[in-house]
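Numbering of residues begins at 1 and proceeds along the displayed sequence. Numbering of ligands and ligand atoms starts at 1, following listing order.
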Amino acid sequence: MIKARGLARRFSARGRTANTVDAVSGVDIDVEAGELVGFLGPNGAGKTTTLRMLTTLLRPSEGEATVAGHDLLRDPAGVRGRIGYVAQGGGTAPECPVADELELQGRLYGLSKNEARERGKAVAAQLDIDGLDRRPAGTLSGGQRRRLDIALGLIHRPRLVFFDEPTTGLDPQSRANLWTHIRRLREEHDVTVFLTTHYLEEADSLCDRILVIDGGRIVAEGSPDSLKAQVSGDGVAIGVDPEQTALTADLAGALDGAREVTVSDELVRFRVPRGDLAMPELLRALDRAGIAMRSAQVHRPTLDDVFLSLTGRSLRDAESKHKAAEKEVAHVA
Ligand SMILES: Nc1ncnc2c1ncn2[C@@H]1O[C@H](COP(=O)(O)OP(=O)(O)OP(=O)(O)O)[C@@H](O)[C@H]1O
């Protein structure tokens, strides 16, 4: 369904400096028909840029791709007619009734008025928004609105659908509900799904296969289980006073089999073969050094551990730092 080779996009940053930004630096992507593939990475990793290239909205600086059987560069219209794209935020008019939005979208894809209406009804039923025909789109709840965005992306019955962060901003219940709908697309309607996310749990529970992107490059690829199996041992995170993290890291590093010791803010993280056995020993060592432990967590490998072992950073930390930097920029601007 998707075969991309060396796809890259460079932006020239405006402003006083003549810097360029390599948003995506040559990615290869293969997606088979019927797969549900997640593109996981922190904010600014290059997910949206890749998605916009694959959906013909942005021309690659380098590379080539075949998407839904059509060449991305030579036949973008062919690609566009065969894919669905559910963007972040969507593009519905708030005053337009749901049924009219769906009909209009169908007409944009060249369907007759009757066909567009029928298809609109069918996709609305598929997404459980069929009782909302006359409701203006602006009055829908966040979850209903997102399902309307999906229905709009399905009106022309695409075999491949791209989602850009489909559940960002939704509460946990609406998120789980949307996952059910996305799974159904594949299971009941044979649709291939490619979605971006920065939620580890979403990638883990929803996707057959995950591509992890960081700094414009794919750093890992595989099923959630196979990726987690690459990381052996338990993850341990110890909270201490920020001034005592260095000594805590030394003591943790001295434990039998300890590795990948990292320090961020008030947390010291490391891996050990058996977290339950290492903890009492570390507690004694901290006690002898006069360090008070504020918090402790031991867990089986997660996708965050995969990211941490590949990049030396936690995906959660990378995310919050990026958000803090963006706030800073917004503040200065
Ligand atoms: N039009 C643009 N001009 C300059 N730089 C850009 C442009 N679009 C994206 N970038 C930069 O390219 C990098 C990748 O951005 P992109 O939006 O693809 O990341 P992302 O992984 O989708 O992030 P998010 O999760 O925040 O949506 C970022 O550093 C971003 O600032």
Side-chain angles (χ1 to χ4, degrees), residues 2 4 6-29 31 37-63 65 67 72 83 85-91 142 146 149-150 153 161-170 175 178-179 182 193-204 206-207 209-221 227 303-304 306-308 310-311 313-333:
I2 304 176
L7 221 50
R9 176 67 199 205
R10 169 171 292 178
F11 292 108
S12 48
R14 292 192 206 113
R16 274 167 286 176
T17 53
N19 291 343
T20 54
V21 180
D22 286 312
V24 178
S25 309
V27 295
D28 294 347
I29 296 175
V31 176
V37 175
F39 204 34
L40 175 74
N43 285 117
K47 302 181 296 294
T48 301
T49 305
T50 306
L51 209 65
R52 294 183 69 216
M53 289 195 278
L54 291 173
T55 52
T56 77
L57 296 172
L58 189 68
R59 203 176 162 79
S61 312
E62 279 170 49
V67 178
L72 187 66
I83 62 168
Y85 178 45
V86 182
Q88 276 182 51
R146 217 53 74 87
D149 289 336
I150 299 176
V161 180
F162 292 90
F163 291 89
D164 196 4
E165 300 192 0
T167 65
T168 295
L170 294 184
R175 179 171 300 155
L178 213 69
W179 289 353
I182 294 175
V193 176
F194 188 87
L195 62 87
T196 71
T197 183
H198 54 245
Y199 293 125
L200 295 158
E201 298 77 13
E202 183 156 292
D204 203 350
L206 190 57
C207 303
R209 200 153 61 81
I210 299 171
L211 311 177
V212 185
I213 185 168
D214 184 41
R217 293 179 191 282
I218 291 177
V219 294
E221 183 177 346
L227 286 174
L303 287 177
D304 196 30
V306 175
F307 190 77
L308 183 69
L310 286 164
T311 67
R313 291 176 297 133
S314 150
L315 192 62
R316 294 185 204 277
D317 289 350
E319 182 107 318
S320 53
K321 282 202 179 112
H322 186 88
K323 279 194 184 132
E326 278 189 343
K327 266 192 202 145
E328 187 93 339
V329 170
H331 182 69
V332 170

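- What you find for Leu195 and Cys207 is that their closest heavy atoms are CD1-SG, 4.4 Å.
- The nearest pair of heavy atoms linking Ala220 to Leu227 is CB-CD2, 3.9 Å.
- Under a 4.0 angstrom heavy-atom cut-off, Arg52 registers as lying outside contact with ligand 1.
- You'll find the side chain of Asp164 reaches within 4.5 Å of the side chain of Tyr85, heavy atoms only.
- Not a single heavy atom of Gly41 sits closer than 4.0 Å to an atom of ligand 1.
- Scanning all heavy atoms of the two residues, the minimum distance from Leu7 to Val24 falls at O-CG1, 3.4 Å.
- Relative orientation of the Phe194 and Phe39 rings is tilted, given thresholds of 30° and 60° on the angle between their planes.
- Polar contact with ligand 1: absent for Val21 (N/O pair, distance under 3.5 Å).
- Listed by atom number, the atoms of ligand 1 under 4.0 Å from Thr49 heavy atoms are 15 (O), 16 (P), 18 (O).
- Residue Ala45 has at least one heavy-atom neighbour below 4.0 Å for each of these atoms of ligand 1: 19 (O), 20 (P), 21 (O).
- Remark: distances from the non-hydrogen atoms of Pro42 to ligand 1 include one below 4.0 Å.
- On a distance-only criterion, Thr50 and ligand 1 share no N/O pair closer than 3.5 Å.
- Under the side chain to side chain contact (heavy atoms under 4.5 Å, CB included) rule, Asp22 has a single partner from Arg10, Arg9, Arg217, which is Arg10.
- Checked against a 3.5 angstrom limit, the closest N/O atoms of Phe11 and ligand 1 fall outside it.
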